[in-house]
Every structure is written in C-alpha cells, then in structure tokens.
Amino acid sequence: MKGVTVVDHPLVQHKLTLMRKKDASTKSFRELLREVATLLCYEVTRDLELETVEIETPLTATAAPVLAGKKLVFANILRSGGGLLEGMLDLVPAARVAHIGLYRDPATLGAVEYYFKAPQDLAERLVIVIDPMLATGNTAVAAVDRLKEQGAVAIRLVCLVAAPQGLETLHGRHPDVPVWTAAIDDGLNDHGYILPGVGDAGDRMYGTK
Ligand code: URA
C-alpha cells in the first residue's frame, strides 16, 4: 500500500502476537508495547539526515556523523499514545513531545479535542504522530489537521496496528503523511474496534477494564 511501511521484522511480529492474546497481563502488554515502539522508532527514523562533525576520539581526530537539524517532535495522542511514547523516547531521548488530547465520541466515532500543547517551532521539525491503533482514522486526521494548523509540514505517523479504513481516511485527507505500522488488520467492528486487533489499547496498557 502506497505511503505505508509494514515493519515485518520477526521481533515486531512475535511481540505483536503476544500482545494480541486476550490473556496478556497489563504488565506484559505495556512492556511489549514499549519494546515494539523502540523497533518502530528505529524504522521511522531510518532515513534521517546526518551531518559530519569533527570530533576527537581518545586516539585521534576524525570526522563523524551526527543527526542534522532540529530535534524530532513526538506527537502523543492521549491517552494510548503514551505506551508508544516511552519506547520511542528510549531511542530518541532528546525528542520534544507534543500532547494532543482527543477522544472518540462513542456515538459518531468522530474525534473531539480536549487538550493541545506543542513546541512553537513545529514548522522546522519532523513531527511523528504516535497512536497505537489507526482504526477509523478520524483521530489521526484530527491530530494532523491540528499540527498542520500550528505550522507542521513534515509529518509521519507510527501505529501498532492499522485498519485499511483508517489508512484510506488518513491518506484521503493527508496523502503527504506516511505511516509506519506493525500490521494492517482485516477491518473494524460496529464499535470502530480493529479486528482482530488487540482490543482497547488504552485499557490494556493501563489496566482500566
Ligand atoms: N482504539 C483502540 O484502542 N482499539 C481499537 O481497536 C480501535 C481504537
């Protein structure tokens, strides 16, 4: 699918299967999500630009690569983005973090914003939106709309599982936002949950059900 990278690394696929199991504990779901997030982060940052700097090792002077440009922004969609955020910050600890509070209206499945806080200079940074479940795509579209309104121009999205409908909705509205995911699942049930999916990612990682 255009604009979508399915991270088919065996470790990612194995860990996702463990997470899908309904009897996975809150602790293990959260730990696995953090581990998978690290691996997804590795892939979504694979093509970041480098620049060369002069350094001194204990033995000699040399030219060596470092990341170019401003620090990344991870845009955490509350509340379940938090599970991915921890793993991504493990790998990129200097990243800036935006928080976007959006909940799904259970009747319409539309996204309703209740919080937004982001760095001022989004236009100068790569922004990576993180949300474990790309289901209807409404939340992702609302988050990207808002980030663009605030000046973001380079935006990517990382999720654990995507539904084909969510990808279609996101790319219908924002074809310039590529997606990295561990899996594209079959579809959605009547309540907008991904099938086979992992269930409610927020409830599973925080033990709220
Ligand atoms: N949100 C979730 O947590 N799970 C889904 O399957 C869909 C949306």
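Order of listing sets the numbers, starting from 1, for every ligand and every atom in it.
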Under the criterion side-chain contact (heavy atoms from CB on, under 4.5 Å), which of Leu167, Val179, Val129 is the partner of Cys159?
-> Val179
Extract all donor-acceptor atom pairs below 3.5 Å that involve side chains of residues 73-87 and protein atoms in other chains or at least two apart in sequence.
unit_1: Asn76; atom_1: OD1; unit_2: Gly82; atom_2: N; d: 3.0
unit_1: Arg79; atom_1: NH1; unit_2: Thr208; atom_2: OG1; d: 3.2
unit_1: Arg79; atom_1: NH2; unit_2: Asp203; atom_2: OD1; d: 2.9
unit_1: Glu86; atom_1: OE1; unit_2: Arg34; atom_2: NH1; d: 2.9

Expected contact list for ligand 1 at under 4.0 angstrom, heavy-atom basis, is Arg104, Met133, Ala135, Gly192, Tyr193, Ile194, Gly199, Asp200, Ala201
So, do Pro164 and Ile184 sit near enough that their side-chain heavy atoms are less than 4.5 Å apart?
-> yes
Do we see a donor-acceptor contact under 3.5 Å between the side chains of Lys148 and His174?
-> yes
Could you note down all residue pairs passing side-chain hydrogen bond (donor to acceptor under 3.5 Å, both in side chains) where residues 49-65 supplies at least one of them, sequence neighbours left out?
-> none
For Lys70, side-chain hydrogen bond (donor to acceptor under 3.5 Å, both in side chains) partners two or more places apart = Asp121, Glu124
